[in-house]
Structures are given as structure tokens and as C-alpha cells.
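These notes are about the structure you will find just below.
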Amino acid sequence: MSAEIYRDAWGIPHLRADSADGLARAQGRVTARDRAWQLEVERHRAQGTSAAFLGAEALPWDRFARRALLADTARRCFTALEERDPETAAWVRAYTDGVNESLARDTPAPEFARTGLAPGRWEPWTPLAVWLSTHVLFAGFPAKLWREHIAGHLGPDAVALFATDGPGTAGSNGWLVSGERTVTGHAVIAGDPHRYIEDPGVYQQIHLSCPEFDVVGLAVPGVPGIAHFGHTGTVAWAITNAMADYQDLYRERLRRTGAGVEALGPDGRWHRAARHTELIRVAGEEPVEVEVVETGRGPVIAGGPEGLDDGTPLALSLRHPPRVTADLGFSALLPLLRARRTADVDRALDTWVEPVNVVQAADTEGGLLHRVAGRVPVRAAANGLGPVPAWEPGHEWRGWHGTPRAGLTDGVAVMANQRGPAAPLGVEFAPPHRAERIAALLAAEDRWSAADMAAIHTDTHLASAGPLLDRLAALDDLTPAAGALRDRLLAWDRRMDADSTGAAAYAAVRGAVVRRLAAHPAFAAAAVPPAYPEVFLPWLALVPRVAYALEHLLRAEELYGIDRAGAVRAALEEVAARGPSGTWGDTHRLAPWRALPDAVREEPGLSGDHDCVLCTSAVPGLTDRAARGPAARYVWDLADRRNSRWVVPHGASGVPGSPHHRDQLPLWLAGELVPVVTDFDRLAKETDV
């Protein structure tokens, strides 16, 4: 199987081979060459072995990965894939063969020397494990723990009051403009996936070409093909998180016996649970033993026969589709690459499993697609709200929901994690601000081109500022400094631009309001999280919950006796007394995740905010630094793929010091995009392949 590797001016790999398997092998090789350290970190995280070289900070994740049986689930899914779809299984094997070839031959990335780690071997099931570990928290099942926690302290009405896009939920923007609304008469698809920004990035720009297909798109390093965002020349597709609820938590009653562990089932009988122990190695510390238990519902991820760490008699098991069905949806990947029309994309996505996405697609013949893809179980409504008792009947899964579909309005479809086509499948959705703003911007022009889309990507209008500004407008008897600050904020254009002093002042007041509300005695009990595993604590922290629900908390008729006007007044006076706060970009800086933190690097200031189309998420009241944001931007032009554009936050290479490690960062910051090159005659061929 011959293969050729080319690079464009940005170091983006363009691969050409004489077969799909040869292409997968080349993709594995070039990914390991560009992202060896990233691949090894992801492999270890999927296996729950990352603490062995990253230290105790990685232990909470490793413990969760072991208890949740992520690697074992991936093995089961690959075994089932070999039986059900041997062609795709062989294609995945070819990818891991390429990864192993490169790891064994190419010079290791410098991070390996820093940690003393040697590249390990990828198994055929490793890409499935990477996919599962990357997305297992996408549906945000720990939010069910929050709902139970806040309802227990403040009553059931508090669940709706705090319902909003939570701190662990990943979102995206996406929009489809049909040919009737474009200057070319052909559709344009554009958007940006919002995820935790990582260095190296979570998306890999790549071009895959063989006799069967020629596709450009954004791949997930460690996984073959192009799953979420792709353009074959005649059809293009993109996704956002559907915010569907497809993972359940069960409260388990467990007991130890001479033979092991038993769990009480809904039939009133005790059933033997699978049980074993594993040892997690931790760099610089003693190994940690973890007990792994699986009931008829699923693996126990919190507590056990003796309860939680604080003695609370509780055990929670996780039930999710891949563990139940031994299917991760990898059978969709090759058909997506081979797609020529939206009907092909539609058929491919019928086998999609997780994460559950809203998909938009368009083709060169005018075909359009707007649907949900993924597997969502049918079960009682209570399952979606919080943990349910495993020993009571009525909480079992009863098949799968059908596929919701939607059309276009005035030639446009917008998806931004709002309550849309996936509404019947979820509980909480993102606030409507991003979706409404994108729709309003698109409605402002009769015709759009691919080149116009960057202006939408980078829009910084903050509609969610309204409730706090209304509260400020109602204040009187302020000190002169606070009055002047209030007047400045009321005159502010509500744009969260990096060079805006108004945005900085607004953010400072907002953060002070959040802290004052979160510190109120009414929330004192809710401020103490239960003794759940540390990996779930971001969903249970009070300050982020208050921050993201601030609109609701300020607009509610009554809020547990809290003097909100007084809190806003005190926050305004506090910020006014501190004096000028500089610009928003002074404090709103990029905070990418790195497995090995770089304490020296100063990251750039950012425009945008959580509810802006330019969604660069800080945690008001806690930090202005943005850990989440656009993990890529794309524009797919169906008139001519060569007019398509894309960009990632850093660069194509994950190797520090490479000229392509951070060369796209200035463009990403400015909202500019890199041309998509598909003509191999315009590319530089690598001689060492």
C-alpha cells in the first residue's frame, strides 16, 4: 500500500494513498509524527494510567476511567465491530499500525524526555478508547448530581432556577445558509466547536485522498477518518452538541458477601456484581488500589458497598449506550468519507452512537440535511433529572428514540445548543443568546458568501448583560464614583471586545455580584459539595452555577430572601472604589490545558464571553481566564471547495518549537481563516514518509 504525505504552507497534512486502508495507515503515521505526545497522553487517559507520569493531579481522572471501565468498553466495542463490520475494523487496525510505525521510528517529542515516558504500543481498540474517554462527559451526566444536590437544599424549584449551560458542558455554533441566500446559489456551512482549548489542539486539520474519496476536515487525533466536520467536494457536514440526555445514574444498594459484592435489583432480589481490584501507579507516590464493581445497570463510578468517602451510604452506577450495546458508532466513519450527497450522510449517521449531535449537511445539487444523530434511550422522565433507585422497577431502558429532523427558516438553519430539534431528547439546553444572535445577523443580509462568515464567528455582542444592567439602572443614591461607573456601563455597547474598558468594567461588576450572591447564607448549605469523586466537582461548585445562571437569579420574582438590589449596589461600589479596571483583554486571557503546564508562557487576551457568538468562556466570580472557546473555525463552501476556510487555536503541529506549533494563533485571535488547499500540485511533498 503506497502513500504520499504532502504539506501546505501551514504544515497541514495532505495524504494520498491507493486504498482506504493505506490512507488510514498514513493518517496514523502523520498524526503520530505531528502529535506523538498528545496521542500518548490520550492513550494513557483512556486506560486510566496517566498518573504514572503526570502525577497525583491526574489520579482523579484515572480512578474514574478505571471504575467506569472505559478501556474495557472500547475492547468490547472493537470486538463487536470486527464481527459486525470487518471492513471498518481492518481500517481502524491500519490506522493503529501507522501510529505504531511512527512511534517506533520517529524522534520522540521533547515531553517524553521531561517525564521519562517512552512511547507505548497502540492496540486496535485504542482509537475507540480515545473517542470514548474524550466524549464520556459530553452529555454532562454529573449535572444530575447537581440537580439532586441543589433540590435537596433549596427545593425542586431551584433546579429550573439554576438550569443553564453548565461548567462541564461543551457547546458549539453552526449555521447552514442554503443556496437561495448565497451569492453563488450554493449552500455554505460555517461554525465553530466550543471545547476546552488544549495545546496541542483537540482538532487536526487534514486532507485524505484515495480513489474512493477525497475529503478535507477536522479529525480527532487518535481516531481515523473525519467524523464531525468534513467536505468531500460534493457534500459537506458539521455538528454541534445536541445537549441530549443519554446517560443515566442509578443509586445502588450493594452488600459484601463471602463471594464478592451483590446489588439489589428491581426484581427485589440480590444479584452478583462483577468485581475486581486494579492498581493505579502515581509518579512520585505510592500506588493506589481501586475497586471496580459493575452491576446489572453499569459500572459503579462513585461510592461502593461502604458508601462515599465521608461515610454516606451511597453507590452510583453509570449506564450509557456503548457499554450496553458494545457499539461506539465507528461504522459511520467510512460511509461519511465516501458520501457524495446529503442522503449518503443521512444514511451514515443512522449508525451514529455518541456523542449525540445536531448535524447540518448540504451538497452541490441543492440537497440539505438538518437532523439529530446518536442513540438516546427511552426511559422514565425521572432518569433524566437525577439518580434513580436501581432497586425499584420503572427505570429500565425501553428501546431508542427516533431521529428528530428539522427544516430551514428563510433559507437558514442555526444551531448553538439551544432548545431546537433535540428538545425531546434533553433536559437542559444552552441559553438562546448565541442562536438568536446568529439568526439576527444572517437575517440582516439577503445574500451571503463564504468570505462573509468570519464576521459572524467573531461577533461579541452580549445579550445576557441585560438583567444586570437593568438592575444597575434602577439604583439611586450612589457615591459619585459608583454613579459614574453605572452611567458608563449603561452607555456601553454591550460588546465584549478585548480592547474595551466597558467590557472590563461590566465583567468586574458581574464577578462581584456573583461572589456576593454565592456567599449569601441562603446558599451556605449548597456551597458544600457532597463527597463525590473529585472529577465531578466542577459540576457541583456553587460559584460557576451562580455565574452561569445569573440572568435567572436576577430576574426571578424572589430569591430566597436575598436582597439582590443591595448585592448589585455593593458590587458596583466595590468595583468603583478599586478604580479603572483596564481592558477586558487584560484579564480575559486564553488558558489552554496542557498535560505538562508551561509556567513561562503568557497567553494572549481574548474578545468574547460565554454567551457571545465568540464564545470564550470564563467563570465570572472565579476567574476571567478562558479555558473554553472555539477549538476550530470552519467555512464549507459548496460552490467551490477551494473557497472553504478553516483555522485552529494554535497550529497543525503539536511539537514545541515547530514552525507550525503556534503559527495559526494570530489568525485565530483576529478571526481570520486559513485557505483550504486541495490541489496536490500546490503542496510540498515530504520525502521521509
Side-chain angles (χ1 to χ4, degrees), residues 5-16 27 30-31 33-35 38 172-175 188-195 197-209 214-221 226 228-233 236-238 448-459 590 592 604 606-608 613-616 629-655 658-686:
I5 299 174
Y6 295 77
R7 304 276 182 174
D8 62 20
W10 300 95
I12 295 169
H14 298 251
L15 313 179
R16 187 162 60 182
Q27 185 181 3
V30 80
T31 303
R33 180 173 301 174
D34 292 351
R35 310 286 188 99
Q38 181 182 24
S172 302
N173 297 321
W175 56 95
V188 172
I189 301 174
D192 49 0
H194 304 150
R195 302 176 68 144
I197 302 297
E198 300 182 15
D199 182 10
V202 296
Y203 282 116
Q204 173 195 32
Q205 299 152 300
I206 201 163
H207 178 196
L208 305 175
S209 182
D214 186 288
V215 189
V216 295
L218 300 168
V220 173
I226 294 167
H228 285 159
F229 308 93
H231 195 328
T232 73
W237 68 92
W448 289 86
S449 70
D452 297 330
M453 295 303 161
I456 298 177
H457 281 137
T458 54
D459 185 80
L590 184 64
L606 300 176
S607 295
V613 177
L614 180 50
C615 183
T616 51
R633 296 190 186 103
Y634 60 90
V635 179
W636 298 146
D637 191 345
L638 272 302
D640 188 340
R641 187 170 63 169
R642 293 172 297 182
N643 291 331
S644 298
R645 298 289 187 270
W646 52 8
V647 74
V648 293
H650 293 104
S653 174
V655 180
S658 162
H660 302 300
H661 181 211
R662 293 169 66 88
D663 57 337
Q664 294 185 49
L665 179 60
L667 300 179
W668 182 82
L669 291 169
E672 299 175 12
L673 301 165
V674 174
V676 170
V677 179
T678 57
D679 184 351
F680 280 90
D681 291 337
R682 297 175 55 198
L683 302 170
K685 185 176 181 180
E686 283 194 358

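In this chain, numbering begins with 1 at the start of the sequence shown. When reading the values below, keep in mind they use all heavy atoms of this one structure, side chains included, and skip hydrogens, waters and symmetry mates.
Ring geometry for Tyr634 versus Phe229: interplanar angle of 30 to 60°, hence tilted.
Evaluation of the ring-ring contact (aromatic ring centres under 6.0 Å, His included) rule for His650 yields no partner, not counting sequence neighbours. For Ala236, the side-chain contact (heavy atoms from CB on, under 4.5 Å) partners at least two apart in sequence or on another chain are Ile189, His231, Trp636, Leu638. Applying the side chain to side chain donor-acceptor pair (under 3.5 Å) criterion to His457, with sequence neighbours excluded, gives no partner residue.
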Q) Can Trp10 and Val647 be said to form a side chain to side chain contact (heavy atoms under 4.5 Å, CB included), step by step? A) CA-CA 10 Å; Trp10 300 95; Val647 74; over 6 Å; no

Tyr203 vs Val220, test: side chain to side chain contact (heavy atoms under 4.5 Å, CB included). Steps then yes/no.
CA-CA 5 Å; Tyr203 282 116; Val220 173; 4.1 Å; yes

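At least one side-chain heavy atom of Pro13 sits under 4.5 Å from a side-chain heavy atom of Asp34. Counting heavy atoms from C-beta on, the side chains of Asn173 and His194 come closer than 4.5 Å. In this structure the side chain of Asp8 never reaches within 4.5 angstrom of the side chain of Gln205, judged on heavy atoms. Counting only heavy atoms from C-beta outward, the side chains of Ser607 and Leu669 never approach each other to under 4.5 Å. In this structure, the side chains of His14 and Thr678 stay at 4.5 Å or more apart for every pair of heavy atoms. At a threshold of 4.5 Å between non-hydrogen side-chain atoms, the residues Pro649 and Gln664 do not count as touching. The side-chain heavy atoms of His660 and Arg7, taken from C-beta on, include no pair separated by under 4.5 Å. Using a 4.5 Å heavy-atom cutoff, the side chains of Val677 and His207 are not in contact.
When all heavy atoms are compared, the tightest approach of Pro200 to Gly654 is CG-CA, 3.5 Å. The minimum heavy-atom distance linking Trp668 with Arg633 is given by the pair O-NH1, 2.9 Å.
Taking CG of Asp663 as the reference point, atom OG of Ser658 lies at 7.5 Å (rounded to 0.5 Å).
For the pair Arg35 (side chain) and Gly201 (backbone), a donor-acceptor distance under 3.5 Å is present. In terms of modelled atom types and a separation under 3.5 Å, the side chain of Thr232 and the main chain of Val215 share no donor-acceptor contact. Side-chain N or O atoms of Asp452 include one that pairs as donor or acceptor with a backbone N or O of Ser449 at under 3.5 Å.
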